[in-house]
Amino acid sequence: MTTAATSSVSEGSGETDSPYALSHLDALESEAVHIFREVAGEFEKPVILFSGGKDSIVMLHLALKAFAPAPVPFSLLHVDTGHNFPEVIDYRDRAVERHGLRLHVASVQDYIDAGKLKERPDGTRNPLQTVPLTEKIQSERFDAVFGGGRRDEEKARAKERVFSLRDEFSQWDPRRQRPELWQLYNGRHAPGEHVRVFPLSNWTELDVWQYIARENIELPEIYYAHERPVFSRNGMWLTAGDWGGPKDSETVETRLIRYRTVGDMSCTGAVDSDATTIEKVIAEIAASRLTERGATRADDKMSEAAMEDRKREGYF
Amino acid sequence: MSTTPAVEELAGLSATTLLRFATAGSVDDGKSTLVGRLLHDSKSVLVDQLEAVEHASRSRGAAEPDLALLTDGLRAEREQGITIDVAYRYFATPRRRFILADTPGHVQYTRNMVTGASTADLAVVLVDARNGVIEQTRRHAAVAALLRVPHVVLAVNKMDLVGYEESVFARIAEEFTAYAGELGVPEITAIPISALAGDNVVEPSANMDWYGGPTVLEHLETVPVSHDLTSCHARLPVQYVIRPQTAEHPDYRGYAGQIAAGTFRVGESVTVLPSGRTSKVAGIDLLGTPVDVAWTPQSVTLLLEDDIDVSRGDLIVPSHDAPATSQDVEATVCHVADTPLTVGQRVLLKHTTRTVKAIVKEIPSRLTLDDLSQHPSPGQLVANDIGRVKVRLAEALAIDTYADSRRTGSFLLIDPADGTTLAAGMAGESFATAEATKSVEDEDGWDF
């Protein structure tokens, strides 16, 4: 046989794709819309987890497109750690208002005030979200819960299904996941169980930003470079605030920064950046040698399996 | 900030396409190394991920970073040093985006390869150049053929350990191509590589100047992702009826769904199954934008001229190309659950957006992937078995053959008691060509 060793009865390795090939963003968008519509068709009471972060903002945008010109047939749920960026809460409330949506809030502060949760010594509230989240799911009887989790974020998330069955304790058991074949999502569940649904499973951080640019989606300003008083802790720039920082040895300085992720102030770090426009943000991410969570999340660094362990307990 | 052309193009909004592919290989064929090198050389492994791997490797007492830790995401996988479940990886080059279904090579996880292959446009089958085509290789080729993955790459790995000999490669490529061709794999590309040394994975090899074909990455970047759809049977499973009933849109009634196959055009005569009612396409909304024509896999909303009864689970098809409906389905299934599938069992069958009650009437045969022999009437299928089944449905469905459409020819069998996914089904003939019908005694049982 010849050295090229290509045996082909079709057109072979063409240099161009057919006119019917979709761009990668169109393919991802179409897949995500399909997932939203499947849930709308099969579940009684779905809800979208909405933090005001870029992934949940993209989810809401996709849901709006999926059901247009009708309104989104889901409500929103925000797990409020009590340590939010004010710009993000403001964005959340405007989004709810603009699209005539219903917002549910599960408040970590309420649980602490009631003595049902204890503040951690490190002041981080991210791990405390699991109990208010899972109790809200139970009390409201949500049977499908959309999350903005992406498989590129973290190695345990790389194992997550698009439809992820959770038991009555909201637990994820990675060894007992249903195989997910073709685009046939199996959402069957017993009363008390629910399904976590991840329409952005196959998106990367860069895809999300390119989509935001293409669709001209507004974001909270903290995603773009701005000057802010921050202090350094464990190699990350944290926002000073009454949540517990800075401590004695830490000094506040004003730096030009932006956020790659948005979460609890106590564990979401800023990155030095002069990216004031979306084009600059995209160029910065494309050139970055750090992952989104590696650069900005303290909670993932607690142990090698930190994300897996939290997901097992019911985290998203 | 870097301004290399690659970054510029990545950072720009150029419409690159998406290729979904799956890898398959035995435990020691070097699959992790190949995946690691594709990720690493396409700069998809970032500094903090490498640091985490180095840290974890050191804490286990290893001298060298163990790249398998990059891809083994679960605690149990790291503890046992094996890959248990499919993981999805993402990387990009300036030419294309890739979704890699990284499937375990271990024999008892055939169902995971089926899972990975079900959405793949291409499968990479890895062999060790020293061992050549072995049972596992044939099994992987058979699964790729069964799932009708359009393109198969045979990556002959560890060429460095056979002196980069052309004759070794040629012999393996020839044997595999003959076998896979017989199964009906439409396109096979064989590439000699060393994942460890980096030969022909991303960079062309300096050690094999006798090879004139593409590197693995080059092939992944240029293989066509979709074919001419004009000849396909058009199918739109209705997912959801959009009815705003607002002052602005008092009469809007749209049928939302992802086009499963083919193309739809405004003005076309369509039939709604199973009712058989007909109408014409009055408009197509592509997520808010009216278009004249739409094709798979676009998610659209179809508007019809007549106000006919259409709901979730219905199938909209061109009137001139309506499939037959039937209550009896014969299919090849891969059993994916731990409990067996038995004759007489009551199940649910999920096909596109419709789920109906069904009963397993017959299990005519079970397939040995090693030699493609059929074992008649096995009585049941257990985890990882592939076999033929006959299913009787409570309602008639329009199921295409899997050969015609991976999307409307596939289905799930589901346990009605607890919702467990039992089996992945492919309607019609299992392989593209006449399958081997050699029947042998079932003496060694089932080893996968």
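Here is how names work: the chains are called A, B, and so on, in the same order as the sequence lines, proteins then strands, and each is numbered from 1. Below, each value reflects all heavy atoms present in this structure, side chains not excepted, and no hydrogens, waters or symmetry copies.
- Looking only at heavy-atom pairs under 4.5 Å with chain B, the residue among A:Trp203, A:Tyr185, A:Phe67 that has the most is A:Phe67.
- Summarising the local packing, CZ of A:Arg188 is surrounded by 12 or fewer heavy atoms from other residues, nucleotides or ligands at distances under 6.0 Å.
- The two atoms that bring A:Asn202 and A:Leu28 nearest to each other are O-CD2, 3.6 Å, heavy atoms only.
- At a 4.5 Å heavy-atom cutoff, the contact between B:Val300 and chain A is made by backbone atoms alone.
- Contact of A:Ala68 with chain B is made through the backbone alone, with heavy-atom distances under 4.5 Å.
- Contacts of B:Asp338 with chain A are absent, with no heavy-atom separation under 4.5 Å from either backbone or side chain.
- Heavy-atom distances place both the backbone and the side chain of A:Arg37 under 4.5 Å from chain B.
- Interface summary for chain A: among B:Pro297, B:Pro244, B:Pro416, the most heavy-atom pairs under 4.5 angstrom belong to B:Pro244.
- Residue contact with chain A, scored on non-hydrogen atoms closer than 4.5 Å, involves the side chain of B:Leu147 exclusively.
- Within 6.0 Å of CD in A:Glu215 there are more than 12 heavy atoms belonging to other residues, nucleotides or ligands.
- Residue contact with chain A, scored on non-hydrogen atoms closer than 4.5 Å, involves the backbone and the side chain of B:Leu412 alike.
- A donor-acceptor pair under 3.5 Å is formed between the side chain of B:Trp295 and the backbone N or O of A:Tyr20.
- Using modelled atom types and a 3.5 Å distance limit, the side chains of A:Thr204 and A:Asp207 yield a donor-acceptor pair.
- Residues that satisfy the ring pair (Phe, Tyr, Trp, His ring centres under 6.0 Å) test with A:Tyr224, not counting sequence neighbours, are absent from this structure.
- Per-residue heavy-atom pair counts under 4.5 Å with chain A were compared for B:Gly288, B:Gly313, B:Ala256, B:Gly116, and the maximum is reached by B:Ala256.
- Only the side chain of B:Leu348 comes within less than 4.5 Å of a heavy atom in chain A; its backbone stays farther off.
- Looking at B:Arg96 and B:Thr17, their side chains do bring a donor and an acceptor atom within 3.5 Å of each other.
- Ring pair A:Phe43/A:His189 is parallel by interplanar angle, where below 30° counts as parallel and above 60° as perpendicular.
- Proximity to chain A involves both the backbone and the side chain of B:Leu287, based on heavy atoms less than 4.5 angstrom apart.
- Each of A:Ala70, A:Ser30, A:Pro71 has some count of heavy-atom pairs under 4.5 Å with chain B, and the biggest count is that of A:Ser30.
- Per-residue heavy-atom pair counts under 4.5 Å with chain A were compared for B:Gly257, B:Ser410, B:Cys334, B:Ala424, and the maximum is reached by B:Ser410.
- Ranked by non-hydrogen atom pairs under 4.5 Å with chain B, the options A:Arg178, A:Glu29, A:Arg150 are led by A:Arg178.
- Interface remark: of the candidates A:Pro69, A:Ala40, A:Ala66, A:Pro69 forms the most heavy-atom pairs closer than 4.5 Å to chain B.
- Looking at A:Arg151, its side chain does come within 3.5 Å of a backbone N or O of A:Glu160 through a donor-acceptor pair.
- Using modelled atom types and a 3.5 Å distance limit, the side chains of B:Asp102 and B:Tyr88 yield no donor-acceptor pair.
- In terms of non-hydrogen atom pairs under 4.5 Å with chain A, the most contact-rich of B:Ile414, B:Thr353, B:Asp418 is B:Ile414.
- Judged purely by distance below 3.5 Å, without hydrogens or angles, the side chains of A:Ser164 and A:Gln177 never pair a donor atom with an acceptor atom.
- When each of A:Glu38, A:Glu180, A:Glu31, A:Arg161 is scored by its heavy-atom pairs under 4.5 Å with chain B, the top score falls to A:Glu38.
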